[in-house]
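Here the structure is laid out as structure tokens; the discussion comes afterwards.
Just so we're on the same page: letters track the sequence lines, and every chain starts at 1.
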Amino acid sequence: MSRRTGCILLLLSSLFWTKTAWAEPARQPLETAEQQGYMGRPENLKPGSLLGGSIAVFPGVVFHGLGHIYTEDYSVALSLFAVEIIGIGMMAASQILNAEYGGSSKTAPAEQALSHVGFVLFMASWAADVIGSYTGSAPFTVLDNQANGTRIGVQYRFAENPLNRFRHHFLLSVAFDTHRLSIRPWLDLEASLERRELGIEASVLTVGDSRLKDNVSLGIRGARLENEPDGWANQSLLGFMDTRFDLGRWIATLKKFFIFNRIGYGYSGYQFSERASNVPSLLQETDLSDNWLYLESGANLALAANTDLSISLVQDPTGVISPVKLSSAVFDTSANEVMKVEMNHRYEDNAGIQVQLVMGTGFGIWLGLEYAL
Amino acid sequence: MSALSNLILRRLSVLLLILSMSGCEDRLGARNELNSSVVFKELSNGLSIRAYGGSIMKTEPVDLLELAQPLTLRSQSLDMRIDLQSRTCTPSVVHLEITHAGPSLPEGQFRVFFDELDPVLEATRTSLAGVTQLEVDADSPDWTPLGDTRLFDLEPVSDTPRKLRWTACLDRVNRYAKLIAGHTDFSGCNFPETSLTASACGEASTQNNQNVASGNFVVRHRVKWPVSRRTTLAVWGSDYGDEINQAKLVSALNAARPDILILNGDITKMGTAAELERSVDFFDSQLDIPWVATLGDRDVINSGSIEYINRIGSSTFAFDLGPTRVIILDSADQALGLDARTQLNTWLTQSSLGWSAAAPSHHLIVTHVPPFDPSGHRGAGLKQRHEGASFVALASRSLVPYVITSQLSDYEVTRAGQTQIVHSGGGGGSGGSLYWLKVTLDQDCEVGLQLPCRYPDEAGLCPCILLEKMPL
């Protein structure tokens, strides 16, 4: 357990360390900058502190808010500490539910949600303390306007999942985006074509004006997956709700630091073939029905006007990478998740690069290119 | 300086990412290795042992010139095969012991081999193929038999758990093997005189160099318990180490006398070695029938995930009960893994578990975690549903009638293609009902249902199966 905890802490701390490297702000002499219109930091904004950020990393990992105490943001520090305590309390409650009612279908969804949300609150309050005390009150960069129109994308995925033999995958996707509606069909092919998935995701921006700002979206995702070597196929349907909000609403040092969440409920119908190395036909009777919870929570910020970074915890038992006990590394619960880190970079409004890392039982790396038509 | 520090931070972060990704989850692989380690062991003194239907538990190497080599195996079947190999020139005395032997006395058979094929015998066999059938041992076709199959006696020991003991005397130089009931010392083996003098002896070869005498000297043992045409299994799990519930189960089983008990995981609450040891000691000391066990998700939370190998043996294994093959799979990580599914496919499609008998008519799979949870959103099944689908698809097309699981306490049966998934913990660990599952396998079909099977008998019939929930 301690090794897993160490792994997670190492992973997360390494991501924060890269922030300064990726941001690489341009350095100019102050006089030149002032001649070009630089007004300096307004009096009402607090400066960032490298030492404050360092204190927030350690010992701030234990007492969230120490970084903000150093920068004399006492109310924010208290809030962060309160969020940490709430997060720990939720994980502890999840463990109690697991210990007392481990096999109950009534308590298991609550147990998993508590573990998931508690872990996210714990990590988010720590990250907020580190980032907020390091950057001060200066808001993060805001992404350019939401990209609408039609875009095609090509991705390569390497998946090291010890539970199956599929390693190399190629994905082709198309995005049809309007201001409110987004439709994305995709085709996911394993290199030897033994695993094939065809799907479509559609969502509607229900509350808010832009997907890049505070918003609520409702959507649906459907797919057919065929596994030829193992002789099965499935049809799945997932209904979901996406939310995204700016943490800067409550914490002045975290303006444009976004928290996002997806909660969904999925259904799958499985078809089994009588032979191995054979895929059941599309219309064959369903042999087994299944349903599942989808939970994804994470943080997102723009590293530059055209580059953004997200890190999230995903509970999805139908994902490409098998989940593992992440949020339950300290408090043992039945929740299984993967950790996802994603970076998107847009180039001159018509091209994009995507890099995604997913870690669970094994890991996956996505490398993608997108082009606006 | 700033550029340099950025570069260092960037490199460091990549390194940490890689370390994190590669080191966070290897429990599945670790237990596969542990399970493999109890199937075959090579000792530094020139002896090696391979076991089918059981786990090798204790094998401290000793100086064979002075002491007898002790070997302890845990029975995990009713038909064990133990291959004891010697490549040393020293006469060896081996004290063998099988634990968890059950109340009935098995029959012991042994045959002696060199583990390479005699080139003359092989050439003759090739040239006369189709004309006549030369003697080949069906269960070890690549070895050269040095005699006929013979019986040997085993000494039952009224200990807890019940044990069987015998001594194997091996002399590779003189091709001498003698098996004696109980444990005896060097003098009891009556080795030929030449064994005790320093005679010329070639070291055993690891490659086929056309000299059969350079191969390993093998004593193959068969320990087989009688199996009636109607057998009963008891399946139980998820008691979370509750002593009162375990006592109720033991009392019921000692009265009902099924042939074997399968403890299907979660016999501890927090997976500590102390909890596991207590539960194992309890069943060892109180239960009058043989028992085997696999792991549940609770059993691997703490040190039990490693210590189990010294207490219950391999957590993935298979054994035959008459025409039925029972396959026990470790799913404690809420995953099986590709290796385990490949092994499962082998057990479902091939006949041999050490002995080349007829293919079993049908198969039962017993594993703690169900491939799918009937309440899917609860997530108590395998953690990746696609692995669950691959598992069930294999079971279904192999006409496995039942996959018996114990993750969920309350009894429930769901259908998945040709296979029924039985959710049957019964241990009351999470406040569920208290019962054990009685599985009756009847070749005469006086009880139970005749379900389709993969390999029907000559009359086209399959054995009948009856599942009964036995309240405590």
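- The cationic group of R385(B) does not satisfy the cation-pi geometry with F372(B), failing either the under 6.0 Å distance to the six-membered ring centre or the 45° limit from the ring axis.
- Not counting sequence neighbours, the partners of F158(A) by the side chain to side chain contact (heavy atoms under 4.5 Å, CB included) test are Y156(A), E160(A), R167(A), H168(A), F363(A).
- Of the listed residues (I321(A), D287(A), D316(A)), the greatest number of heavy-atom pairs within a distance under 4.5 Å of chain B belongs to D287(A).
- Interface summary for chain B: among Y294(A), W292(A), Y267(A), the most heavy-atom pairs under 4.5 angstrom belong to W292(A).
- Looking at D297(B), neither its backbone nor its side chain comes within 4.5 Å of chain A, counting heavy atoms on both sides.
- Salt-bridge formation is not detected for the pair K325(A)/E337(A): no Lys NZ or Arg NE/NH1/NH2 atom is positioned less than 4.0 Å from an Asp or Glu carboxylate oxygen.
- Within the 4.5 angstrom heavy-atom criterion, no atom of Q418(B) approaches chain A.
- The existence of a salt bridge linking E194(A) and R165(A) is excluded, since no basic side-chain nitrogen approaches an acidic carboxylate oxygen closer than 4.0 Å.
- If you tally non-hydrogen atom pairs under 4.5 Å between each of R275(A), E285(A), Q315(A) and chain B, the highest count goes to R275(A).
- Salt-bridge annotation for K383(B) and D333(B): absent, with no side-chain N of the basic residue lying under 4.0 Å from a carboxylate O of the acidic one.
- In this structure, K469(B) forms a cation-pi arrangement with Y435(B), its terminal cationic atom sitting closer than 6.0 Å to the ring centre and no more than 45° off the ring axis.
- Ranked by heavy-atom pairs under 4.5 Å with chain B, the list L225(A), L293(A), T286(A), D230(A) is led by D230(A).
- Looking at R341(B), only its side chain comes within 4.5 Å of chain A, counting heavy atoms on both sides.
- Heavy-atom pairs under 4.5 Å with chain A were tallied for A389(B), A416(B), G337(B), G417(B); the largest tally goes to A389(B).
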